[in-house]
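What follows is a set of notes on a single structure, which appears directly below.
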Amino acid sequence: MSGWSQSLRSYAGTLRSLAGRLEAQPLRPVHANLDEVWVGPAATELATDARSFDRQAASVGGELRRVAISLDRQAAAIEAAEAAAAEAAAA
């Protein structure tokens with residue numbers, strides 16, 4: 001495996017990790033406990049905004065996963081080309 005394909009796979013893993021963190025609803029503890037701390041229209045608005053940010057974060061997480069899949073495919077293509085070149089050189 002070349003340095004290029006290893007780097008691409010490493011980047012893909014990093015993106016998957018970030019996606020998981022974003023999709024885990026990082027603000028959920030905030031908006032889930034907001035009613036216990038503060039009651040009223042402002043609390044409702046903050047909780048709604050937090051839920052909206054969590055949905056946006058999950059959307060970004062999905063995009064990161066798609067990029068990670070693309071990086072994995074590119075790494076696989078590089079590895080296949082390297083294997084074909086090695087076979088051709090050996091023949």
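For reference, positions follow the sequence shown, starting with 1. What you are looking at is a predicted structure, and each value in this text was computed from that prediction instead of being measured. What's counted below: heavy atoms across the whole structure, side chains too, no hydrogens, waters or symmetry copies.
In this structure, Phe53 is not a member of the same hydrophobic cluster as Leu64, with clusters built from ILVMFWY side-chain heavy atoms closer than 4.5 Å. In the hydrophobic clustering of this structure, Ile69 does not group with Trp4; members are Ile, Leu, Val, Met, Phe, Trp, Tyr whose side-chain heavy atoms approach within less than 4.5 Å, directly or through other members.
Only one option out of Glu79, Gln74, Arg73 pairs with Leu8 in a side chain to side chain contact (heavy atoms under 4.5 Å, CB included); it is Gln74.
Here the straight-line distance linking atom CD of Gln56 with atom CG of Asp49 works out to 9.5 Å at 0.5 Å rounding.
Without hydrogens or angle criteria, Ser7 side chain to Gly3 main chain gives a donor-acceptor distance under 3.5 Å.
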For a quick test of your reading: what N or O donor-acceptor pairs under 3.5 Å do the side chains of residues 11-28 make, sequence neighbours left out?
residue : atom : partner : partner atom : Å
Thr14   : OG1  : Ser10   : O            : 3.1
Arg16   : NH1  : Asp72   : OD2          : 3.1
Arg16   : NH2  : Asp72   : OD2          : 2.2
Glu23   : OE1  : Arg65   : NE           : 2.9
Glu23   : OE1  : Arg65   : NH2          : 2.9
Glu23   : OE2  : Gly62   : N            : 3.4
Glu23   : OE2  : Arg65   : NE           : 3.3
Gln25   : OE1  : Arg28   : NH1          : 2.9

